[in-house]
Number of protein chains: 2
Amino acid sequence: MTHALPFDLEGHCASCPIRHRAVCSRCDAEELARMNELKFYRTYSPGQTVALRGETLDFVATVVQGTATLERVTEDGRTQIVGILLPSDFLGRPGRDGLSYDVMAVNEVKLCCFRRKPFESLLDDVPHLQERLLDMTLDELDAARDWMLLLGRKTAREKIASFLVLLANRCDQLNGGKTRGSRHFDLPVSREAIANFTGLTIETVSRQISILRREQLISLDGVRKVTVPDSAALRRAAGDDDINALN
Amino acid sequence: MTHALPFDLEGHCASCPIRHRAVCSRCDAEELARMNELKFYRTYSPGQTVALRGETLDFVATVVQGTATLERVTEDGRTQIVGILLPSDFLGRPGRDGLSYDVMAVNEVKLCCFRRKPFESLLDDVPHLQERLLDMTLDELDAARDWMLLLGRKTAREKIASFLVLLANRCDQLNGGKTRGSRHFDLPVSREAIANFTGLTIETVSRQISILRREQLISLDGVRKVTVPDSAALRRAAGDDDINALN
DNA sequence: CGACCTATTGATACGTATCAACCCGAGTGG
DNA sequence: CCACTCGGGTTGATACGTATCAATAGGTCG
């Protein structure tokens, strides 16, 4: 069930759809040329494990297409999603063998990979690269902390609203400019994944989505397509103050 | 109520107690000399606000002494602590005006500060500095994600046990080598702070601490001094798998 | 069409929040 | 030196939100 990518996989970085947002976004032509030499692509099918906690991971990568989740699991199987990788996000930890979470492909995922050691050399040589990676990591840290507020202090209703706002914003980003007012997007993940992301159960997720729909804060087409008629109203339901939206 | 620092505040970095763990830990003598020129110290008293979310913060800093909390607050006042700064931890966001959380001094806090712009220049010039900052940021991100598992999926009992394990480990780190078996340490924070860190209420925190004491997993001397007779047992109560402890 | 998987909806249980009383040690002032 | 107050901490009774268990619905694929 391989469907065509919107760009030539073996093509040059210049044609890469997420080049302007990825870790390489600040690199100049010469630096890109060097990276172009080293890069290779990998594909994962839906549900496949990309990496396991503690296991050695010999590459780092940028997500070109698809969605992956970062998961932490307790010894008795309770699962918490601690991050979502969308196109342009970075995967891997330079300077360390393994990750502290499992990485799972949600749908078909394409990664632009670099073997770890050569990438670490690149980081040393190419300041643009390290700066950008630091910046992206700081952004992730801010996002993780926003999410800690959600997990620790928000109600089920606020959690679901926040999750939808988060997704809406990130979809906007990927599509370029932010749109005000009504907008719609696809949920890239199942109810179970939403539950594991928000720290709820599937049933509670389902109920809260139904309630938000009944209150017309959202409408659904099927089970995966969401329309938000009034994003400000949804943001209010998310219980954030309005300095900014979640990432 | 200023009590003497264990080193001369105006002294050289060479005598700094947290130099080997801080952002400057990989710098050589020449680089340190340059930083030494730029640094200045600040002190905050218990309860004082160090920085507010969204407000411009014109410096970055390393904690030399004391404890500070990073807090996110909902519009209606629910508070979640999203990080604890202990000696050697870094505060501030290079490349951005403000922070996305409030920073509060828990007890008397001494910061080794740099004005932000000069520090950003330093980052450009001193690869050791940027590498170390990236590494510290990645560690914080891992810690934040561990904490997300706690907030989303752990029971009150596990949360308190995890919190105690976290503190015990970090105190060990600060004191050098890890000790196996029995150990004791001071809680640097109030019950309220523990509640805001674990996503519980004060009352639940108090109850769970009482229960752990009744079960002899910990013992208390007063309300702030904790002894852990069997750290492996406490770690088991924390519900983590044993690949590693929280940070 | 039937099998299967995911999602929804309902009834009940349980864990933690909430509300309230009490305890305790530290200051403070008579 | 003791009575009083005050803030933080503990303990108890009850309420409430979400988990759990169970049944049903809907979509997809053979």
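We name chains A, B, ... by the order of the sequence lines, and we start the count at 1 in each one. Basis for what follows: all heavy atoms, side chains included, without hydrogens, waters or symmetry-related copies.
- The side chain of A/Arg191 lies closest to C/dA7 when the candidates are C/dA7, C/dT16, D/dG9.
- In this structure, the CG atom of B/Leu187 is 14 Å from the C1' atom of D/dG8, given to the nearest Å.
- In this structure, A/Leu150 atom CG and D/dT18 atom P are separated by 12 Å, rounded to whole Å.
- Between A/Val189 and B/Gln208, the residue anchored nearer the 5' end of DNA chain C, judged by the nucleotide with its closest heavy atom, is A/Val189.
- The nearest whole Å value for the distance from the CG atom in A/Asn196 to the C1' atom in D/dA19 is 14 Å.
- Among the nucleotides C/dA7, D/dA22, C/dT16, the one closest to the side chain of B/Thr155 is C/dT16.
- We find that CD1 of A/Ile194 is positioned 16 Å from P of D/dT18, with the value rounded to whole Å.
- For the OP1/OP2 pair of C/dA17 and a distance below 4.0 Å, the side-chain nitrogens and oxygens of B/Thr204 include at least one atom meeting the criterion.
- Without hydrogens or angle criteria, B/Asn107 side chain to B/Pro46 main chain gives no donor-acceptor distance under 3.5 Å.
- The listed nucleotides are D/dT18, D/dG9, D/dT10; the one nearest the side chain of B/Arg224 is D/dG9.
- At the heavy-atom level, B/Thr201 lies under 4.0 Å from base atoms of the strands shown.
- Distance CG (B/Leu212) to P (D/dT11): 13 Å, rounded to an integer number of Å.
- A sub-4.0 Å separation between OP1 or OP2 of D/dT11 and a side-chain N or O of B/Ser210 is present.
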| field | Derivation of the side chain to side chain donor-acceptor pair (under 3.5 Å) call for A/Ser100 and B/Asp142 | value | CA-CA 7 Å; A/Ser100 58; B/Asp142 282 345; 3.0 Å; yes
| message | Does B/Glu140 form a salt bridge (Lys or Arg N to Asp or Glu O under 4.0 Å) with B/Arg145? I'd like the steps, not just the answer. | response | CA-CA 9 Å; B/Glu140 276 188 276; B/Arg145 285 171 166 162; over 6 Å; no
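- Backbone-only contact: B/Leu200 has heavy atoms under 4.0 Å from sugar-phosphate atoms and none from a base.
- Distance NZ (A/Lys225) to P (D/dG27): 14 Å, rounded to an integer number of Å.
- Nearest to the side chain of B/Ser206, among D/dT18, C/dT16, D/dT11, sits D/dT11.
- Residue B/Lys159 contributes atom NZ, which lies 14 Å from atom P of C/dG15 at whole-angstrom precision.
- Straight-line distance from the CZ atom of A/Arg207 to the P atom of C/dT6: 19 Å, rounded to whole Å.
- B/Ser162 places a side-chain N or O within 3.5 Å of a backbone atom of B/Glu158 that can act as its donor or acceptor partner.
- Side chains of A/Asn196 and B/Arg153: a donor-acceptor N/O pair is present below 3.5 angstrom, by distance only.
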